[in-house]
Amino acid sequence: MTLLYLLDMIGTAAFAASGAWAGVRREMDLFGVLVLGMVTAIGGGTLRDLILGDTPPFCLKDENYLWLSLIVSLLVFIGHRHLKRISNPLLYFDAIGLGTFVVIGTGKALQFNLGPLGAVLMGIMTATAGGVIRDVLSTQVPLILQREIYASACLIGAGLMVTLQYTALPQNLIFILAAATVIILRLFAISRNWALPKAN
Amino acid sequence: MTLLYLLDMIGTAAFAASGAWAGVRREMDLFGVLVLGMVTAIGGGTLRDLILGDTPPFCLKDENYLWLSLIVSLLVFIGHRHLKRISNPLLYFDAIGLGTFVVIGTGKALQFNLGPLGAVLMGIMTATAGGVIRDVLSTQVPLILQREIYASACLIGAGLMVTLQYTALPQNLIFILAAATVIILRLFAISRNWALPKAN
Amino acid sequence: MTLLYLLDMIGTAAFAASGAWAGVRREMDLFGVLVLGMVTAIGGGTLRDLILGDTPPFCLKDENYLWLSLIVSLLVFIGHRHLKRISNPLLYFDAIGLGTFVVIGTGKALQFNLGPLGAVLMGIMTATAGGVIRDVLSTQVPLILQREIYASACLIGAGLMVTLQYTALPQNLIFILAAATVIILRLFAISRNWALPKAN
């Protein structure tokens with residue numbers, strides 16, 4: 001699972017950068033920027049582990065997640081003037097994080113014998129709850145609840161992963177297919193400005 | 001406990017409808033409406049189970065709660081133009097949910113050997129935390145903290161239930177008395193526009 | 001540990017008073033004031049216990065915490081007109097609470113074999129998460145994320161406590177040194193109006 005761990009770290013760093021960046025934009029002080037960065041990066045997985053009853057959560061068992069998100073957030077705070085230049089690459093890393101978090105969350109829920117809907121929800125939550133907490137802490141209505149195809153990419157990826165459990169495909173291949181689906185959908189959504197329907 | 005399960009499902013559906021409806025009013029997209037509906041319906045019980053250490057929480061052990069709240073939220077999203085006509089019956093179902101959630105929450109806390117104050121708080125929380133999360137996600141100050149008798153009905157019902165534990169009454173009767181108390185108080189409060197005192 | 005328990009109770013009362021006071025200022029009704037008071041006082045320790053997997057959390061095992069924060073919040077609601085007179089002494093009690101909560105949180109995390117960064121974060125969280133929940137429930141951007149040295153005092157105290165584990169000092173002395181550091185830093189910060197740098 002070395003590739004998965006590497007992708008997980010890339011995603012953690014990207015999510016931390018996006019959270020810290022939100023803190024900088026909202027004129028928070030150093031502490032606020034670090035909290036937003038870390039919460040965005042590890043909040044979803046932590047909430048998933050609390051709900052599954054797997055405590056202490058992943059990031060307290062392997063502190064690499066804490067250190068990585070802390071250091072990335074600190075770098076964003078220090079170098080935020082130069083950050084606009086890398087905001088485009090950041091979107092790609094963010095998409096990698098999204099796909100990786102979905103498959104890790106869904107996979108862990110299946111290991112804990114959750115049903116199909118529960119597993120799909122845990123996958124979506126792993127990838128999105130950190131951003132929701134970030135927005136709530138900044139008293140913004142969470143972006144994802146308003147006008148983003150973001151969650152749909154997670155839903156499709158997690159649904160694909162649960163469905164493929166009923167086939168004979170090897171787990172590794174299922175992981176790759178589901179993660180790639182999320183990443184590709186996400187990048188398409190960015191490039192084409194897709195949005196979900198609103199009630200009206 | 002078949003009657004309790006039925007009431008629980010009615011309450012879940014009513015809470016999901018009220019949460020989804022809040023999402024529609026706030027112009028959220030489909031995903032936002034589904035999240036608000038589900039969180040309102042299952043958030044209180046989920047938080048209670050996390051605090052009691054009973055993981056995974058009830059709704060991941062019995063996915064009927066997930067499916068019901070998902071489908072009701074979807075129906076609200078699709079049919080929200082026609083929803084005003086049923087907003088009055090919805091209030092009755094909502095009151096049923098309130099009473100049921102209080103007795104289930106208080107009862108479970110007592111099973112987990114909590115003290116009397118802890119059990120009362122768990123009962124109130126089971127019935128109200130979903131709505132609080134819904135409001136926080138919409139960046140509204142939770143309705144219940146501002147001008148509602150809502151929580152008082154829960155408090156009286158949960159307090160009654162804990163008190164009656166010291167009598168010889170059978171559990172089923174205690175459940176019915178406490179739930180009925182909440183439901184009746186809630187309906188009275190609606191019809192008479194009761195409110196708690198404010199500091200001034 | 002009788003002294004620590006006494007300090008813990010002083011801190012709980014002070015945090016409950018500050019939370020209830022925030023509710024009064026925001027014109028909440030009685031229920032809202034009680035919720036804000038209790039959440040501020042016990043929210044941080046409860047979240048810590050959920051994350052460490054020590055359920056039910058401390059305040060449900062020893063209901064003194066619940067009763068104390070409930071009664072203090074009620075007194076604030078009743079006597080808020082006279083409260084301005086005691087807001088200065090309240091700051092001292094609040095500083096005591098901050099120091100005590102940090103060492104209790106860090107100490108418990110170390111008992112649960114967390115790594116150094118995890119233990120420091122748990123210490124900070126124990127002392128600050130209650131106030132964050134209070135602010136989120138009032139739809140305020142948490143004070144601590146914006147312009148407070150508050151968290152830095154916790155960080156230094158928790159860091160000191162983790163560092164001193166590598167020495168031969170007795171635990172009681174470590175507790176006292178770390179708590180005193182937080183309390184003194186906090187009081188200095190108040191009297192000198194210190195603030196952390198902002199990104200600009």
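Quick note on labels: first sequence line is chain A, next is B, and so on, each numbered from 1.
Only the side chain of B:Leu50 comes within contact range of chain A, with heavy atoms under 4.5 Å apart. Contacts of B:Leu34 with chain A are absent, with no heavy-atom separation under 4.5 Å from either backbone or side chain. Contact annotation for B:Ile78: neither backbone nor side-chain heavy atoms come within less than 4.5 Å of a heavy atom of chain A. Interface remark: A:Ile124 contributes side-chain atoms only to the contact with chain B (heavy atom separation under 4.5 Å).
No side-chain heavy atom of B:Thr55 sits less than 4.5 Å from a side-chain heavy atom of A:Leu52. With contacts defined as side-chain heavy-atom distances shorter than 4.5 Å, the pair A:Leu114/B:Lys61 does not qualify. Counting heavy atoms from C-beta outward, B:Leu137 and A:Val136 have side chains that approach closer than 4.5 Å.
We find the CG-OH distance between A:Leu117 and B:Tyr65 to be 14.5 Å, quoted to the nearest 0.5 Å. Here the CG-CG distance, from B:Leu60 to A:Leu121, works out to 8.0 Å after rounding to the nearest 0.5 Å. The distance from atom CD of B:Gln140 to atom OG1 of A:Thr139, rounded to the nearest 0.5 Å, is 12.5 Å.
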